Protein chains: 2
Amino acid sequence: MARAQAHEDVFRAIADPTRRAILDRLRAGPAPAGALASDFKQSRPAISKHLRVLREARLVSEQRAGRERVYTLDPMPLQRVAGWVEGYRSFWQVSLSNLKRYLEGK
Amino acid sequence: MARAQAHEDVFRAIADPTRRAILDRLRAGPAPAGALASDFKQSRPAISKHLRVLREARLVSEQRAGRERVYTLDPMPLQRVAGWVEGYRSFWQVSLSNLKRYLEGK
DNA sequence: CCATTGTGTAACTGATTGGTTACGTATCAC
DNA sequence: GTGATACGTAACCAATCAGTTACACAATGG
């Protein structure tokens with residue numbers, strides 16, 4: 001089968017490199033859809049669809065300003081990702097010290 | 001079109017909830033494929049395929065022991081995720097303090 | 001009003017995903 | 001050797017993805 005109604009899932013939203021790039025781009029400040037689109041070689045509708053996914057995951061918010069739609073970064077949902085990954089931090093520290101011991105030929 | 005040769009991409013690997021659950025499960029210690037499979041309601045081959053994806057992303061390693069294949073968590077690639085998300089931490093702190101100010105009716 | 005600009009959406013497409021069942025193969029227990 | 005066990009993988013399938021082009025529509029600028 002396939003994933004459930006996986007909309008709004010942060011992990012899925014950030015799985016796509018283009019969407020991560022859009023978020024990265026928005027760290028410099030809010031931007032209208034067109035400006036974002038022209039930063040990426042893909043077509044404008046493609047970016048529009050990525051923005052929709054990000055919107056559904058609540059990673060960006062949209063303000064209408066005249067005929068523009070300005071997108072603003074909302075990083076809050078990323079806390080869920082940060083929280084999940086955090087649970088592994090201690091493990092990769094162990095991994096590192098294991099590697100060190102191994103390299104030291106111990 | 002579609003993603004490039006997106007194998008080995010950590011972000012893609014952790015996009016699936018079942019795969020995240022497998023990783024979570026492996027934090028308790030290494031486990032053979034069969035044991036993992038019986039923890040998840042999906043069929044054994046389905047889990048086997050998830051394990052393959054995790055393997056390609058180098059999030060787990062496989063040791064053969066007799067007829068078993070024991071999987072061990074390797075969290076190192078998660079550092080890339082942690083690093084990426086880290087770049088947003090300051091932003092969500094801003095988001096929080098904005099919210100606070102807003103709630104305080106300021 | 002009319003043309004232009006900025007944008008979302010519909011319709012379509014090929015690739016990929018995540019699942020299944022059926023099969024192949026190596027190891028263990030006898 | 002034989003049968004059971006623990007796997008991975010092939011073949012297949014429906015659903016979803018990420019893109020495209022064509023279209024609709026609201027706001028601006030004359």
Side-chain angles (χ1 to χ4, degrees), chain A residues 1-26 29-72, chain B residues 1-26 29-72:
Chain A
M1 283 102 210
R3 332 57 163 174
Q5 27 50 285
H7 292 301
E8 65 159 48
D9 178 1
V10 197
F11 285 93
R12 243 184 42 75
I14 65 169
D16 186 275
T18 302
R19 285 195 290 265
R20 287 200 302 279
I22 292 177
L23 292 177
D24 288 342
R25 165 60 224 269
L26 285 177
L36 293 172
S38 57
D39 281 359
F40 299 89
K41 283 180 305 251
Q42 313 177 339
S43 71
R44 203 189 45 68
I47 301 299
S48 191
K49 281 167 89 177
H50 282 308
L51 286 171
R52 181 208 254 283
V53 174
L54 292 172
R55 222 184 305 134
E56 285 171 349
R58 306 193 188 287
L59 281 163
V60 301
S61 61
E62 169 192 290
Q63 297 85 231
R64 314 183 61 146
R67 57 189 156 186
E68 293 191 335
R69 311 227 187 161
V70 179
Y71 284 91
T72 307
Chain B
M1 284 98 213
R3 332 54 162 177
Q5 26 51 285
H7 294 301
E8 65 158 50
D9 179 0
V10 197
F11 286 93
R12 243 182 42 73
I14 64 169
D16 186 274
T18 303
R19 286 195 290 265
R20 286 200 302 279
I22 292 176
L23 292 177
D24 288 343
R25 163 63 224 267
L26 284 178
L36 293 171
S38 56
D39 281 358
F40 299 89
K41 284 181 305 251
Q42 314 176 341
S43 71
R44 202 188 47 67
I47 301 298
S48 190
K49 280 166 91 175
H50 282 309
L51 286 171
R52 182 209 254 280
V53 174
L54 292 172
R55 223 184 305 134
E56 284 172 347
R58 306 193 188 286
L59 282 163
V60 301
S61 63
E62 169 192 291
Q63 296 85 231
R64 314 186 59 146
R67 58 187 157 183
E68 292 191 335
R69 312 229 185 159
V70 178
Y71 285 91
T72 307

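These numbers were taken from a predicted model, which means no experiment stands behind them. Residue numbering restarts at 1 for every chain, and letters A, B, ... go by the order of the sequence lines.
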If you check every side-chain atom of A:E62, which of C:dT9, C:dG8, C:dT21 has the closest atom?
-> C:dG8
Separation of A:D39 atom CG from C:dG6 atom C1', in whole Å?
-> 16 Å
Sugar-phosphate, base or nothing in reach of A:R52, heavy atoms under 4.0 Å = sugar-phosphate
Starting from P on D:dC17, measure out to CG on A:L54 and report it in whole angstrom.
-> 13 Å
Please state whether the base of C:dG8 and the side chain of A:K49 form at least one donor-acceptor pair under 3.5 Å?
-> no
Between P of C:dG6 and CD of A:Q63, the distance in whole Å = 18 Å
Atom CD of A:Q42 and atom P of C:dG8: how far apart are they, to the nearest Å?
-> 15 Å
Does CZ in A:R52 sit with more than 12 non-hydrogen atoms of other residues, nucleotides or ligands closer than 6.0 Å?
-> no
Does a side-chain N or O from B:R12 land closer than 4.0 Å to OP1 or OP2 of C:dT17, or not?
-> yes
Determine: side-chain N/O of B:H50 to OP1/OP2 of C:dG19, distance under 4.0 Å, yes or no.
-> yes
If we only count heavy atoms from C-beta on, is the A:I22 to A:D39 side-chain gap below 4.5 Å?
-> no
Separation of D:dC25 C1' from A:R44 CZ (nearest whole Å) = 12 Å
Round to the nearest Å and state the distance from A:F40 atom CZ to D:dA18 atom P.
-> 15 Å
Measure the shortest side-chain to side-chain distance between A:V53 and A:D16 over non-hydrogen atoms and say whether it is less than 4.5 angstrom.
-> no
Under the 3.5 Å rule, do the base of C:dG6 and the side chain of A:R69 count as making a donor-acceptor pair?
-> no
Hey, what do you get for CG (B:L23) to CD1 (B:I14), rounding to the nearest 0.5 Å?
-> 8.5 Å
Which part of the nucleic acid, if any, lies within reach of A:A46 when heavy atoms closer than 4.0 Å are counted: base, sugar-phosphate only, or nothing?
-> base
Is there side-chain contact between A:L59 and A:L26, with heavy atoms separated by less than 4.5 Å?
-> no
Would you say a side-chain N or O of B:R19 is under 4.0 Å from OP1 or OP2 of C:dG18?
-> yes
Side-chain N or O of B:S48 less than 4.0 angstrom from OP1 or OP2 on D:dG8?
-> yes
Where each residue is assigned the nucleotide of DNA chain D containing its nearest heavy atom, which of A:A65 and A:V53 is assigned the position nearer the 5′ end?
-> A:V53
Give the rounded distance in Å between these two atoms: CG of B:D16 and C1' of D:dA15.
-> 14 Å
Of B:P45 and A:I47, whose closest DNA chain D nucleotide lies nearer the 5' terminus?
-> B:P45
Is B:Y71 touching bases, backbone alone, or none of the nucleic acid, heavy atoms closer than 4.0 Å?
-> sugar-phosphate
Spatial distance of atom CD1 (A:I47) from atom NZ (A:K41) [nearest 0.5 Å] = 11.0 Å
Confirm from the modelled atom types if B:R67 and D:dT5 form a donor-acceptor pair under 3.5 Å, side chain to base only.
-> yes
In whole angstroms, the gap separating C1' of C:dC28 from CD of B:E68 amounts to 11 Å
Please tell me which of B:R64 and A:P32 maps to the more 5' nucleotide of DNA chain C, matching each residue to the nucleotide holding its nearest heavy atom.
-> A:P32
